[in-house]
Colleague: 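Pasting a structure below so you can have a look.
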Amino acid sequence: MPLNILVCIKQVPDPEQFDRITLDPATGSINRAGIPPVTNPVDRHAVEEALRIREASGGTVAVLTMGPPQARKCLEDALAMGADRGVLLCDMAFAGADTLATAAVLAAGIRSAGDFDLVLCGNESVDGATGQVPAQLAEALGWPRVTYARKIEIAKEAATALVEREIEEGFLRVEVRLPAVIAVVKRINRYRLPTIFGILEAGKKEIIEVGCAACECAGLVAEAMGLAGSPTRVAGVFQSHRKRHVEMIGGEPKEAARGLIRKLKEMDAL
Ligand SMILES: Cc1cc2nc3c(=O)[nH]c(=O)nc-3n(C[C@H](O)[C@H](O)[C@H](O)COP(=O)(O)OP(=O)(O)OC[C@H]3O[C@@H](n4cnc5c(N)ncnc54)[C@H](O)[C@@H]3O)c2cc1C
């Protein structure tokens with residue numbers, strides 16, 4: 001049976017350039033200025049999984065992001081991979097959101113964008129990295145959720161999904177009723193790169209913009225959005241400075257090993 005799938009993707013600063021991120025000690029905010037934005041890496045795997053499910057069972061794949069106008073780029077990249085349409089949740093009222101307010105707006109955006117059988121997310125972003133949004137989103141939608149998914153099989157009649165969920169010692173196999181929110185890990189698949197044809201086709205696909213008013217129509221009050229709807233407060237931020245000290249221990253291997261043991265004992269490290 002065909003499924004309508006929606007994938008939540010987040011734009012993040014390029015992880016290759018994280019060393020350029022600085023913290024503003026006065027405001028506690030992260031300064032990402034000058035760092036090129038990219039799609040959160042694991043979210044590409046979520047898009048890939050949605051495309052594979054569509055290829056196997058039919059249906060549609062929508063991609064959705066909440067972010068500033070520039071976040072449209074990550075929707076375009078997903079459309080070039082093969083997604084059918086995009087939804088950009090963009091409004092000043094959404095700014096300053098913590099994970100709870102993010103999930104509330106994502107849920108309202110999903111409701112206003114159509115009827116979906118399955119919502120896929122990445123398991124964790126590389127910048128905020130809380131891993132809280134998928135569970136909070138499921139709660140806001142009133143749907144069940146499975147996180148750490150490394151394999152998803154949709155039952156023939158599309159009423160349930162069988163999911164392998166990573167745990168420390170191996171994996172759990174769980175069955176979840178649809179509609180559900182499933183958050184995937186990177187090892188679920190290898191994602192495809194957009195082809196030239198895909199990039200050209202992406203230009204013809206629709207990206208709708210959803211703002212505060214549409215979220216209110218979907219049942220979310222303005223006080224639950226952005227900073228106003230965020231119970232989390234950053235109490236303080238600090239940059240850790242590690243001092244490193246290198247000392248080369250020379251000589252024959254046995255002598256060097258004795259020297260190393262002596263040093264470690266002196267440092268109370270043995
Ligand atoms: C007090 C406070 C203020 C903040 N203010 C800002 C701010 O002004 N600007 C800012 O950019 N961030 C801000 N943040 C960070 C913001 O809350 C998080 O980036 C956001 O809530 C997502 O959390 P996360 O990155 O930990 O997501 P995770 O839970 O780690 O993400 C898991 C998955 O959820 C989905 N997801 C997460 N976020 C989005 C999204 N936006 N759109 C679509 N899918 C998504 C993706 O599939 C992702 O892989 C603030 C945080 C706090 C605590």
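Note that the structure is predicted; figures quoted are calculated from it, not measured. Counting convention: from 1, in listed order, for ligands and their atoms alike. Positions are given from 1, in the same order as the sequence printed here.
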Colleague: What I'd like to find out is whether the side chain of Val163 reaches to under 4.5 Å of the side chain of Lys151, using heavy atoms alone.
Modeller: no
Colleague: If the test is side-chain hydrogen bond (donor to acceptor under 3.5 Å, both in side chains), which one of Asp127, Thr102, Thr39 qualifies with Lys10?
Modeller: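 So, applying the side-chain hydrogen bond (donor to acceptor under 3.5 Å, both in side chains) to Lys10 and each of Asp127, Thr102, Thr39, only Asp127 qualifies.
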Colleague: With distance as the sole test, does Asp91 use its side chain to make a donor-acceptor pair with the main-chain N or O of Cys212 at under 3.5 Å?
Modeller: yes
Colleague: Would you say His45 touches ligand 1, if touching means a heavy atom closer than 4.0 Å?
Modeller: no
Colleague: Short N/O distance, under 3.5 Å, between Asn40 and ligand 1?
Modeller: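 Yes, at least one N or O pair falls under 3.5 Å.
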Colleague: Provide the number and element of each atom of ligand 1 under 4.0 Å from a heavy atom of Leu106.
Modeller: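 Every atom of ligand 1 under 4.0 Å from some heavy atom of Leu106: 42 (N), 43 (C), 44 (N), 45 (C).
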Colleague: Examine ligand 1 and decide if any of its atoms is less than 4.0 Å from a heavy atom belonging to Gly67.
Modeller: no
Colleague: Would you indicate which of Asp43, Val47, Val42 comes nearest to atom 46 (C) of ligand 1 when only heavy atoms are counted?
Modeller: Asp43
Colleague: I need the contact type for Arg32 against ligand 1. Using non-hydrogen atoms and a strict under-4.0 Å cut-off, is it side chain, backbone, both or neither?
Modeller: side chain
Colleague: Let me check something: do Ile199 and Leu193 share a hydrophobic cluster, defined by ILVMFWY side-chain heavy atoms less than 4.5 Å apart, either directly or through other members?
Modeller: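 No, no single cluster joins them.
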Colleague: Around atom 3 (C) of ligand 1, find the nearest protein heavy atom and jot down its residue, atom name and distance.
Modeller: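 Residue, atom and distance for the closest contact: Gly96 O, 3.5 Å.
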Colleague: How about Asn189 and Glu48: does a side-chain donor come under 3.5 Å of a side-chain acceptor?
Modeller: no
Colleague: Hey, is the main chain of Thr232 close enough, under 3.5 Å, to the side chain of Asp98 for a donor-acceptor pair?
Modeller: yes
Colleague: Would the distance check show the side chain of Asp117 and the main-chain N or O of Leu178 forming a donor-acceptor pair, the cut-off being under 3.5 Å?
Modeller: no
Colleague: Which residue supplies the protein heavy atom nearest to atom 20 (C) of ligand 1, what is that atom called, and how far is it?
Modeller: Thr102 OG1, 3.5 Å
Colleague: Taking 4.0 angstrom as the limit and counting only heavy atoms of Thr65, give me the atoms of ligand 1 inside it, by number and element.
Modeller: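 Counting from 1, the qualifying ligand atoms are 42 (N), 43 (C).
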Colleague: For Ile9, take its heavy atoms, then give the atoms of ligand 1 lying under 4.0 Å from any of them.
Modeller: 42 (N), 43 (C), 44 (N)
Colleague: Which protein non-hydrogen atom lies closest to atom 4 (C) of ligand 1, naming both residue and atom, and how far is it?
Modeller: Ala97 O, 3.5 Å
Colleague: Would a distance-only check, ignoring hydrogens and angles, find a side-chain to backbone donor-acceptor pair under 3.5 Å from Arg20 to Gly34?
Modeller: yes
Colleague: Report the member of Leu137, Val184, Val133, Leu100 with the shortest heavy-atom distance to atom 34 (O) of ligand 1.
Modeller: Val133
Colleague: Under 4.0 Å from a heavy atom of Gly128: give me the atoms of ligand 1 that qualify, with their elements.
Modeller: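 Near Gly128, the atoms of ligand 1 are 24 (P), 25 (O), 26 (O).
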Colleague: Check contact between Ser230 and ligand 1, using heavy atoms of the residue and a distance below 4.0 angstrom.
Modeller: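 Distance cut 4.0 Å: Ser230 fails for ligand 1.
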Colleague: Got the closest protein heavy atom to atom 26 (O) of ligand 1, with its distance?
Modeller: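 Looking only at protein heavy atoms, the one closest to atom 26 (O) of ligand 1 is Thr130 OG1, 2.6 Å.
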Colleague: For ligand 1, which part of Gln132 has a heavy atom less than 4.0 Å away: the side chain, the backbone, both, or neither?
Modeller: backbone
Colleague: Among protein heavy atoms, which sits nearest to atom 18 (C) of ligand 1, and what does the distance come to when rounded to 0.1 Å?
Modeller: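 Of the protein heavy atoms, Lys10 NZ, 3.9 Å lies nearest.
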Colleague: Name the residue from Asn40, Val42, Leu75 that meets the side-chain contact (heavy atoms from CB on, under 4.5 Å) definition with Ile9.
Modeller: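 By the side-chain contact (heavy atoms from CB on, under 4.5 Å) criterion, Ile9 pairs with just one of Asn40, Val42, Leu75: Leu75.
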Colleague: In the protein, what heavy atom is nearest to atom 40 (C) of ligand 1, and what distance, to one decimal place, separates them?
Modeller: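 Nearest protein contact, heavy atoms only, for atom 40 (C) of ligand 1 is Met66 O, 3.8 Å.
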Colleague: Around atom 28 (P) of ligand 1, find the nearest protein heavy atom and jot down its residue, atom name and distance.
Modeller: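 Ranking protein heavy atoms by distance from atom 28 (P) of ligand 1, first comes Gly131 N, 3.5 Å.
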Colleague: Any donor-acceptor pair under 3.5 Å linking the side chain of Arg54 with the backbone of Gly82?
Modeller: yes
Colleague: Report yes if the side chains of Ile35 and Phe18 come closer than 4.5 Å at any heavy-atom pair, otherwise no.
Modeller: no
Colleague: What about Val7 and Leu106, same hydrophobic cluster or not, with Ile/Leu/Val/Met/Phe/Trp/Tyr joined at side-chain heavy-atom distances under 4.5 Å?
Modeller: no
Colleague: Short question: side chain of Gln11, backbone of Gln70 - any donor-acceptor pair under 3.5 Å?
Modeller: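 Indeed, once roles are kept as given, a pair shorter than 3.5 Å links the two residues.
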Colleague: Please check if a non-hydrogen protein atom sits closer than 4.0 Å to atom 9 (N) of ligand 1.
Modeller: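 Given the 4.0 Å cut-off, atom 9 (N) of ligand 1 does not count as touching protein heavy atoms.
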Colleague: Nearest protein heavy-atom contact for atom 23 (O) of ligand 1: which residue, which atom, what distance?
Modeller: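 Among all protein heavy atoms, the one nearest atom 23 (O) of ligand 1 is Thr99 CG2, 3.5 Å.
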Colleague: Does the structure place the NZ or CZ of Arg150 under 6.0 Å from the centre of the six-membered ring of Phe171, at an angle of no more than 45° from the ring's axis?
Modeller: yes
Colleague: Is it the case that ligand 1 has an N or O less than 3.5 angstrom from some N or O of Gly122?
Modeller: yes
Colleague: If you count the atoms of ligand 1 from 1 in the order shown, which ones are under 4.0 Å from a heavy atom of Cys121?
Modeller: 47 (O)
